[in-house]
Amino acid sequence: MRYSGDWMVLADDRILEYIREKDSGRPKEMKDSGYVRYTRSYISKRCKKLVEHRLLRDLGNGVYTITERGERYLDGEIDTSEDAPDEVKSFVDENGPSAGENHEQA
């Protein structure tokens, strides 16, 4: 489970997933791939927002890479809410340790 901040939109997850898969990406490549189904300018705008929140790194010339924080977000390890700490707390209940990470439950 991912913990998206209120500032995030669906396109952000697609962008992060694409860049993680390809190791880097440009907005035009993402649009042309068909995986990120938004305009190049919108993808570019969202990439800049993801850089502001340290989920992507801008290498210049429109090339982006994912940060460790971005990887951790995709893996459900951090909450990207503005005021939330980066760590997602795990908790223990009567059934034993549970994942606040609450990744995929069987």
Side-chain angles (χ1 to χ4, degrees):
M1 179 175 183
R2 294 179 184 156
Y3 302 92
S4 304
D6 290 343
W7 60 272
M8 293 186 79
V9 297
L10 182 60
D12 298 340
D13 280 21
R14 300 292 87 76
I15 291 167
L16 291 166
E17 291 164 355
Y18 178 91
I19 292 177
R20 176 154 80 172
E21 174 74 23
K22 303 291 183 185
D23 293 327
S24 67
R26 296 172 186 260
K28 182 178 183 333
E29 293 169 352
M30 290 183 243
K31 179 192 176 301
D32 292 346
S33 75
Y35 187 74
V36 185
R37 295 182 178 189
Y38 298 91
T39 64
R40 185 203 56 77
S41 64
Y42 185 69
I43 294 169
S44 180
K45 178 180 169 184
R46 294 311 307 173
C47 284
K48 290 175 184 168
K49 191 73 167 177
L50 292 166
V51 168
E52 286 176 24
H53 289 273
R54 301 176 294 131
L55 299 174
L56 287 183
R57 181 178 302 110
D58 183 356
L59 298 180
N61 295 321
V63 178
Y64 296 91
T65 59
I66 194 165
T67 63
E68 180 181 337
R69 188 168 193 267
E71 298 268 5
R72 294 182 68 205
Y73 163 73
L74 288 178
D75 293 337
E77 296 175 356
I78 64 166
D79 184 341
T80 59
S81 297
E82 296 284 349
D83 55 352
D86 270 358
E87 299 297 325
V88 175
K89 304 280 185 209
S90 61
F91 56 91
V92 177
D93 62 18
E94 67 273 0
N95 298 321
S98 177
E101 300 95 24
N102 210 9
H103 296 280
E104 298 169 34
Q105 298 180 358

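Throughout, numbering of the chain's residues begins at 1 and tracks the sequence.
The 12-atom threshold is not exceeded at CD of Glu68, counting heavy atoms of other residues, nucleotides or ligands nearer than 6.0 Å.
Taking both residues in full, the closest heavy atoms of Ile78 and Tyr3 are given as O-CB, 3.7 Å, listed atom of the first, atom of the second, then distance. The shortest non-hydrogen separation linking Ser4 to Asp13 is OG-OD1, 4.4 Å. When all heavy atoms are compared, the tightest approach of Arg20 to Ile66 is CB-CD1, 4.1 Å. Nearest heavy atom pair, residue Tyr18 against residue Ser24, reads CE2-O, 4.3 Å. Across all non-hydrogen atoms, the minimal contact from Arg40 to Lys28 is CG-N, 3.7 Å. Between Gly25 and Met30 the shortest heavy-atom distance is C-CE, 4.0 Å.
Note that CH2 of Trp7 and NZ of Lys49 are 7.5 Å apart. Values are rounded to the nearest 0.5 Å. A distance of 4.5 Å separates CG of Leu56 from CD1 of Ile19, quoted to the nearest 0.5 Å. Atom OG1 of Thr80 sits about 12.5 Å away from atom CZ of Arg72, to the nearest 0.5 Å. Remark: Thr39 OG1 to Arg46 CZ distance equals 12.0 Å, nearest 0.5 Å. Atom-to-atom distance recorded for Asp12:CG and Arg2:CZ is 11.0 Å, nearest 0.5 angstrom. Between atom OG1 of residue Thr65 and atom CZ of residue Arg57 there is a gap of 4.5 Å, rounded to the nearest 0.5 Å.
Counting heavy atoms from C-beta outward, Leu50 and Tyr73 have side chains that stay 4.5 Å or more apart.
A continuous path of ILVMFWY side-chain contacts below 4.5 Å connects Tyr35 to Leu74, so both sit in one hydrophobic cluster. Residues Leu59 and Val51 do not share a hydrophobic cluster, defined by chaining ILVMFWY side chains whose heavy atoms lie under 4.5 Å apart.
A side-chain donor-acceptor contact under 3.5 Å links Thr67 to the backbone of Arg54.
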Candidate pair Tyr64 and Ile43, rule side chain to side chain contact (heavy atoms under 4.5 Å, CB included), full reasoning: CA-CA 11 Å; Tyr64 296 91; Ile43 294 169; over 6 Å; no
